[in-house]
**Q** 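A single structure is presented below for examination.
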Amino acid sequence: MIRQTSEIAAYWHEEARGLPSPPAPEQRAEAERLARQAKERDAEDRRLHYERWEWGGRLPNEALRGARASNVLGLLTFDSDLVHTLGASAPGVQHTVALLSARRACEAAGLTDVPWVADALAALEAGRPLPPPFDDPARMSDALRSDPRVPDTSVLEAVPPERPPYQPPPPGPGDPYAVVETFPRTPRALHRISQPHYALPAVLAAAGPAPLIAALDAVWHALNTCGEHWPEFLDEIRSVRAVTVPEPPRTA
């Protein structure tokens, strides 16, 4: 029995000698580093893949990335091309879009003949600060509620066009499967919205100090003020793409 055991042990010792040496600590650390980098790259690729879908098929520029605090994501669902165009436009064009949106919102809501609204629109176009009650949200809301000259206009709410659901890329290294995200729109009855309550925020937005955010938010509020007629409003806004602002003369 001792001889038999010795022969078996010798066999397995020989087998062990034929196996490759275990990786050194440095090799193991390098392999772990490369695996971690591959996982991080895959995560970043997936993030960009989703972001590209979210922004209508192309990635936003830095100006649009910095405008996420605005209503840009809501506007994207209606017209992503317009969003990217505004993001690449000169400040003068953005300012023009903001002013036009504020005026069209007030026109749609029937507010242009209300004196304090007309004064605000005139101040916007003259580059002056907004007059009262626009300098105080509480006073503005009170004026909107109590002034009998404010018309009671309403329209069916704006609904964005359907879009395909997000389809994530195939699973990457280390991913056992990929989940397909879907966002089905639940059918529901459309509501009528009070146009004056959506129009005044467009005026406030147009007076903002950052031209791009002012344009995005003014378009968003005006779009909602127009409600079901939003396609006609955006058609007019798209025509402002051709507007150019001359460069200031160069000094010698």
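We use all heavy atoms of the structure for the numbers below, so side chains are in, but hydrogens, waters and symmetry mates are not.
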**Q** Answer yes or no: is there a side-chain heavy-atom contact under 4.5 Å between D142 and P133?
**A** no
**Q** Following the transitive rule for hydrophobic clusters with a side-chain heavy-atom cut-off under 4.5 Å over Ile, Leu, Val, Met, Phe, Trp and Tyr, establish whether V240 and V203 coincide in one cluster.
**A**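 No; tracing contacts between hydrophobic side chains, which count when under 4.5 Å, never links both residues.
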**Q** Would you name the heavy atoms of P151 and P196 that are closest together and state the gap between them?
**A**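 Taking every non-hydrogen atom into account, O-CG, 3.4 Å.
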**Q** Are L212 and V93 co-members of a hydrophobic cluster defined by side-chain heavy atoms under 4.5 Å apart?
**A**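 In one cluster with V93: L212, yes.
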**Q** Check the pair W53 / Q167 against side-chain contact (heavy atoms from CB on, under 4.5 Å), numbers first and verdict last.
**A** CA-CA 9 Å; W53 173 85; Q167 299 287 338; over 6 Å; no
**Q** Mind checking who shares a hydrophobic cluster with L34, ILVMFWY linked at side-chain heavy-atom distances under 4.5 Å?
**A**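 Besides L34, the hydrophobic cluster comprises nothing; the residue is isolated.
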**Q** Is the side chain of S141 donor-acceptor paired with the backbone N or O of A138 at a distance under 3.5 Å, no angle test?
**A** no
**Q** When you measure from the side chain of Q94 to the backbone of A214, do you find a donor-acceptor pair of N or O atoms at a distance under 3.5 Å?
**A**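 Not at all, since once roles are kept as given, no pair shorter than 3.5 Å links the two residues.
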**Q** With clusters defined by side-chain heavy atoms of hydrophobic residues (ILVMFWY) lying less than 4.5 Å apart, directly or transitively, does L204 cluster with V114?
**A** yes
**Q** How long is the gap from CD on E54 to OH on Y166, to the nearest 0.5 Å?
**A** 10.5 Å
**Q** Going by the salt bridge (Lys or Arg N to Asp or Glu O under 4.0 Å) test, which pairs reach into residues 109-133, not counting sequence neighbours?
**A** R103-E125
**Q** Keeping to residues at least two apart or across chains, list the ring pair (Phe, Tyr, Trp, His ring centres under 6.0 Å) pairs with something in residues 97-134.
**A**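 Those involving residues 97-134 are W116-F134.
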**Q** Grouping I, L, V, M, F, W and Y whenever their side-chain heavy atoms are under 4.5 Å apart, do L130 and V150 come out in a common cluster?
**A** yes
**Q** Nearest 0.5 Å, please: how far is CG in L111 from OG1 in T153?
**A**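 Interatomic distance, T153 OG1 to L111 CG, rounded to 0.5 Å: 6.5 Å.
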**Q** State which residues pass side-chain hydrogen bond (donor to acceptor under 3.5 Å, both in side chains) with R139; sequence neighbours excluded, sorted by chain then number.
**A** none
**Q** Which heavy atom of P91 sits nearest a heavy atom of P211, and at what distance?
**A** O-CB, 3.9 Å
**Q** Check S101 against A222 and note the closest heavy-atom contact, atom names and distance.
**A**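 Scanning both residues completely, I find the closest heavy atoms to be O-CB, 3.4 Å.
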**Q** Please give me the minimum heavy-atom distance between A120 and P131, naming the atom from each residue.
**A** CA-CD, 3.8 Å
**Q** What residues, two or more places apart in sequence or in another chain, satisfy side-chain contact (heavy atoms from CB on, under 4.5 Å) together with R36?
**A**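 Per chain and number, R36 pairs via side-chain contact (heavy atoms from CB on, under 4.5 Å) with R33, E40.
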**Q** With side-chain contact (heavy atoms from CB on, under 4.5 Å) as the test, would you mind laying out the steps for I237 and R104 before giving the verdict?
**A** CA-CA 10 Å; I237 294 301; R104 291 296 179 264; 5.8 Å; no
**Q** Is the backbone N or O of H191 less than 3.5 Å from a side-chain atom of E157, with the two atoms forming a donor-acceptor pair by type?
**A**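 Side chain of E157 to backbone of H191: a pair is present.
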**Q** Is there a donor-acceptor contact under 3.5 Å from the side chain of Q195 to the main chain of A109?
**A**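 Checked: no pair found.
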**Q** Could you work out, with side-chain hydrogen bond (donor to acceptor under 3.5 Å, both in side chains) as the rule, every residue matching R149, not counting sequence neighbours?
**A**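 Partners of R149 by the side-chain hydrogen bond (donor to acceptor under 3.5 Å, both in side chains) criterion, ordered by chain and then number, come out as D147.
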**Q** Please tabulate, for side-chain N and O atoms in residues 223-235, each donor-acceptor pair with protein atoms closer than 3.5 Å (sequence neighbours left out).
**A**
from: N224; atom 1: ND2; to: W220; atom 2: O; distance (Å): 2.8
from: T225; atom 1: OG1; to: Y198; atom 2: O; distance (Å): 3.3
from: T225; atom 1: OG1; to: A199; atom 2: N; distance (Å): 3.3
from: T225; atom 1: OG1; to: H221; atom 2: O; distance (Å): 2.7
from: W230; atom 1: NE1; to: V159; atom 2: O; distance (Å): 3.3
from: D235; atom 1: OD1; to: R238; atom 2: NH1; distance (Å): 2.4

**Q** Heavy-atom distance under 4.5 Å between the side chains of L64 and N61, does that happen here?
**A**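 In short, these two side chains touch, coming nearer than 4.5 Å.
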**Q** Holding to side-chain contact (heavy atoms from CB on, under 4.5 Å), I want the full list of residues that pass it with A210, two or more places apart in sequence or in another chain.
**A**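 Here the qualifying residues are I213.
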**Q** Please confirm whether the backbone N or O of D217 pairs with a side-chain atom of N71, one donor and one acceptor, at under 3.5 Å?
**A**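 Checked: no pair found.
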**Q** Holding to salt bridge (Lys or Arg N to Asp or Glu O under 4.0 Å), I want the full list of residues that pass it with R47, two or more places apart in sequence or in another chain.
**A** E44, E51
**Q** Does NZ or CZ of R65 come closer than 6.0 Å to the centre of the six-membered ring of W55, within 45° of the ring's axis?
**A** no
**Q** Not counting sequence neighbours, which residues clear side-chain hydrogen bond (donor to acceptor under 3.5 Å, both in side chains) with H95? List them please.
**A**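 With neighbours one apart ignored, the set is empty.
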**Q** Which heavy atom of L216 sits nearest a heavy atom of S70, and at what distance?
**A**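 Here L216 and S70 meet closest at CD1-OG, 3.8 Å.
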**Q** Can you give me the closest heavy-atom contact between G74 and T77, atom names plus distance?
**A**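 In this case the closest contact between G74 and T77 is O-OG1, 2.6 Å.
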**Q** Of all residues at least two apart in sequence or in a different chain, which pass the salt bridge (Lys or Arg N to Asp or Glu O under 4.0 Å) check with R58?
**A**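 R58 satisfies salt bridge (Lys or Arg N to Asp or Glu O under 4.0 Å) with D81 only.
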**Q** Would you please name every residue forming a side-chain hydrogen bond (donor to acceptor under 3.5 Å, both in side chains) with R41, sequence neighbours left out?
**A**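 Scan of R41 (side-chain hydrogen bond (donor to acceptor under 3.5 Å, both in side chains), adjacent residues dropped) gives none.
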**Q** side-chain contact (heavy atoms from CB on, under 4.5 Å), that's the test. Do R46 and D42 meet it? Break it down for me.
**A** CA-CA 6 Å; R46 286 177 174 275; D42 182 64; 3.4 Å; yes
**Q** Starting at NE2 of H197, measure out to CG of L144 and round the result to the nearest 0.5 Å.
**A**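 H197 atom NE2 to L144 atom CG measures 4.5 Å (nearest 0.5 Å).
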**Q** In the single-linkage hydrophobic clustering (I, L, V, M, F, W, Y; side-chain heavy atoms under 4.5 Å), do L200 and V155 co-cluster?
**A** no
